[in-house]
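Structure record follows, encoded as structure tokens.
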Number of protein chains: 2
Amino acid sequence: MKKHQVTIIDIAKALNISKSTVSRALTGHPNVQPHTRERILEMADAMEYEKNMFSVSLIKRASKTLGIIVPEFSRSFFPQVIIGAQQRAKEAGYNLIISQSDESYETEVANTKVMLSHQVDGVLISMTKETNNYEHFKTFQRKGIPIVFFNRICDEMIVPKVIVDDYEGACSAVEHLIKQGKKRIAHLSGPETLSICKQRKAGYLNTLKKYGIPVNDDLIIHYDLSINKVKIYINYFLNLNPRPDAIFAINDPTAIEAIQLIKEAGLKIPQDIAIVGFSNDFASSLVEPSLTTVEQPIAEIGRVATQLLLDQLDREVADWKAQTVMLKTNLIVRNSS
Amino acid sequence: MKKHQVTIIDIAKALNISKSTVSRALTGHPNVQPHTRERILEMADAMEYEKNMFSVSLIKRASKTLGIIVPEFSRSFFPQVIIGAQQRAKEAGYNLIISQSDESYETEVANTKVMLSHQVDGVLISMTKETNNYEHFKTFQRKGIPIVFFNRICDEMIVPKVIVDDYEGACSAVEHLIKQGKKRIAHLSGPETLSICKQRKAGYLNTLKKYGIPVNDDLIIHYDLSINKVKIYINYFLNLNPRPDAIFAINDPTAIEAIQLIKEAGLKIPQDIAIVGFSNDFASSLVEPSLTTVEQPIAEIGRVATQLLLDQLDREVADWKAQTVMLKTNLIVRNSS
DNA sequence: CTGTTAGCGCATTCAT
DNA sequence: ATGAATGCGCTAACAG
């Protein structure tokens with residue numbers, strides 16, 4: 001059981017003054033005699049007083065906390081975004097409550113309620129792969145709580161978003177494969193509901209078109225991003241006749257898994273099949289062969305998204321601008337292509 | 001700016017009843033007519049009412065939130081622990097506030113204050129490598145807030161802890177190297193302040209002794225876990241004469257970095273130098289050669305630590321038991337040894 | 001500069 | 001079964 005919490009009243013009693021003066025001293029209000037302030041601060045320290053943010057939030061209707069909802073936590077991408085977000089939040093004097101939805105729509109909805117009841121001042125969101133109903137996000141808007149989407153954005157909602165140039169990144173990846181002499185380039189994509197998948201696929205398709213390579217639907221697979229299912233689709237690709245000579249994967253975890261499987265099948269990378277990923281996750285330089293990939297500025301995504309959120313915090317709802325910030329990508333050529 | 005928050009008073013007015021009845025209906029109190037309850041629930045839903053947890057916490061002196069403070073976020077270990085912790089917390093109806101100290105003592109102290117002011121009911125802690133003053137942790141105890149240490153534990157404090165059998169794990173790693181015929185086994189360890197480092201080093205020393213291999217202090221290095229400094233110490237090892245023929249690294253990131261550097265130096269792994277890591281991080285199976293390592297049940301650490309925390313929550317302070325749970329490790333032999 | 005009063009949203013007595 | 005009144009810890013408006 002928790003012990004009695006030290007309150008400003010305890011300090012006031014100990015010093016035989018009113019709690020208002022204590023409150024003023026503690027919040028740095030100017031109207032307190034220097035000497036009094038000093039005694040209060042000392043006593044607070046001695047009694048290990050810690051302000052109860054709940055009462056403050058209750059009064060101010062602001063919690064000085066931001067929330068971030070990410071779909072998963074198991075790969076390095078989202079933790080790194082969070083690092084960036086936390087840096088910026090901390091600089092601005094905000095705490096960050098983190099929650100992960102485990103790629104489950106239901107958990108995501110539950111997480112939004114947690115954010116709401118914890119009175120977050122704003123929320124950063126990257127959706128689960130399942131999410132196709134956005135009512136729980138719209139609740140934030142109706143309550144006047146600003147939100148910013150990043151990476152897994154919601155096209156339907158008019159709010160600030162931070163993405164990378166997925167289309168351009170995909171173009172550079174596919175163009176690179178074509179210049180390596182590859183002609184049957186497969187694309188292992190994610191759920192079509194996610195706009196990152198749509199954009200990367202569009203880049204893939206248009207680059208093929210640009211170079212006069214016919215699009216072959218057999219070479220395009222959408223899967224649910226469950227890494228253990230990559231096996232099914234790589235097998236499928238390997239059994240095609242003729243076989244693809246390159247694979248553009250939706251992200252690095254997928255590409256890395258593909259590399260393992262193709263090596264197991266006894267094929268040579270990149271000679272038989274070249275692989276390109278997307279993201280430049282930490283592991284991509286470690287696999288053998290090292291992975292060619294489209295680098296995105298991961299922590300920067302978190303920083304920029306947080307900044308956009310902070311920007312909205314001071315403004316009237318009517319003044320919110322729904323700008324979409326698009327960060328640049330950069331192709332890193334390694335040994336898998 | 002945030003809009004007016006929907007409160008139980010709004011619901012009460014809309015239904016022309018008292019806020020007490022609304023409160024009762026919403027908390028599931030039996031003394032409410034079924035029909036009335038239904039109307040209230042419907043109205044709450046229609047008005048998108050969301051309970052303000054701050055007032056509840058203010059009254060109950062409990063927030064139904066647990067905190068977790070980790071030293072860093074950039075490698076896969078701590079995010080995976082968090083996944084485990086969050087699972088268990090969620091099952092028990094608790095939310096989890098996550099904060100990372102960025103290996104900085106000061107940030108760690110700041111984070112404990114955040115936890116305090118957010119009225120967490122309990123805290124999971126893994127210290128930074130710098131921490132050697134524990135006053136900020138003791139504050140939790142003085143306030144009657146239970147804590148549990150995991151991984152980077154504090155020997156000085158008598159509270160529940162969750163660790164893996166670092167000593168035994170190190171023994172199995174070094175024994176394995178000896179059985180591979182290695183005779184000059186170096187140990188690249190972390191700060192001596194961390195008990196995981198002490199334990200793993202003890203396992204290293206005693207296994208050498210057990211097999212009659214003389215301990216050579218030149219082969220033991222303590223470094224600060226900054227991954228970019230691994231280079232300095234690997235260079236040092238490589239320039240020793242005679243050179244070590246194996247390295248037991250304190251963790252997988254260190255071992256993986258070592259592999260890269262030794263390959264760059266043109267040496268063969270494991271023929272010239274064998275490498276063993278500790279943890280079985282995700283990346284360890286991906287490096288070339290794949291890393292032999294001591295596997296630890298990462299998510300399980302989070303789950304068990306959370307359970308120990310929950311166990312304390314219902315008990316009187318006097319009943320808290322300071323048990324240390326030690327989880328088993330498992331040597332995974334791959335190609336680096 | 002300091003003390004008094006009111007109220008943030010809710011759960012919980014105590015009445016009825 | 002319901003309503004009125006009290007208070008959780010704090011800030012802010014109002015007096016002095």
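Just the heavy atoms: all of them, side chains too, but no hydrogens, waters or symmetry mates, feed the values below.
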Query raised in the report: Would you call K138(A)-E48(B) a salt bridge at under 4.0 Å N-O?
Result: no

Report task. Could you tell me the separation between the CZ atom of R37(B) and the C1' atom of dA1(D), rounded to a whole number of Å? Result -> 11 Å

Report task. Would you mind reading off the distance between K64(A) atom NZ and dT11(D) atom P, rounded to a whole angstrom? Result -> 14 Å

Report summary line: By ring pair (Phe, Tyr, Trp, His ring centres under 6.0 Å), F137(A) pairs with (sequence neighbours left out) F149(A)

Report summary line: For E72(B), the salt bridge (Lys or Arg N to Asp or Glu O under 4.0 Å) test, sequence neighbours excluded, returns none

Query - Start and end of chain A contact along DNA chain C [non-hydrogen atoms, under 4.0 Å] - result: dC1(C) to dG9(C)

Report summary line: By salt bridge (Lys or Arg N to Asp or Glu O under 4.0 Å), R37(A) pairs with (sequence neighbours left out) none

Requested in this report: Kindly write out the residues that satisfy salt bridge (Lys or Arg N to Asp or Glu O under 4.0 Å) with E130(B), not counting sequence neighbours, or none if the list is empty.
Outcome: none

**Report entry** side chain to side chain contact (heavy atoms under 4.5 Å, CB included) partners of A89(A), counting only residues at least two apart
**Finding:** L66(A), Y94(A), T306(A)

Requested in this report: Using only side-chain N and O atoms of S18(B), determine if any of them is under 4.0 Å from OP1 or OP2 of dT2(D).
Outcome: no

Query raised in the report: Are E42(A) and R39(A) close enough for a salt bridge, meaning some N to O gap below 4.0 Å?
Result: no

Report summary line: Between its two end axes (five pairs each) the helix from dC1(C)-dG16(D) to dT16(C)-dA1(D) turns, nearest 10 degrees, through 50°

**Report entry** Those residues that, when tested against N133(B), pass side chain to side chain contact (heavy atoms under 4.5 Å, CB included) (two or more places apart)
**Finding:** Y105(B), E135(B)

Query raised in the report: With sequence neighbours left out, what residues match R303(A) under salt bridge (Lys or Arg N to Asp or Glu O under 4.0 Å)?
Result: E300(A)

Query raised in the report: Residues in side chain to side chain contact (heavy atoms under 4.5 Å, CB included) with K19(A), at least two apart?
Result: I8(A), I9(A), A12(A)

Report summary line: Applying side chain to side chain contact (heavy atoms under 4.5 Å, CB included) to N132(B) and not counting sequence neighbours gives Y134(B)

Pick out the pairs of N or O atoms, protein on one side and nucleotides 12-16 of chain D on the other, that lie under 3.5 Å.
residue : atom : partner : partner atom : Å
dA12(D) : N6   : S20(A)  : OG           : 3.4

Query - Phosphate-side-chain proximity, N52(A) and dG9(D), N/O vs OP1/OP2 below 4.0 Å - result: no

Report task. Under 4.0 Å between any heavy atoms, over every strand shown, what does I17(B) touch: base, sugar-phosphate, or nothing? Just pick one. Result -> sugar-phosphate

Query raised in the report: Roughly, in whole Å, what's the span from CD1 in I8(B) to P in dG3(D)?
Result: 12 Å

Query - Rounded distance (Å) that lies between atom P of dG9(D) and atom CG of D10(A) - result: 8 Å

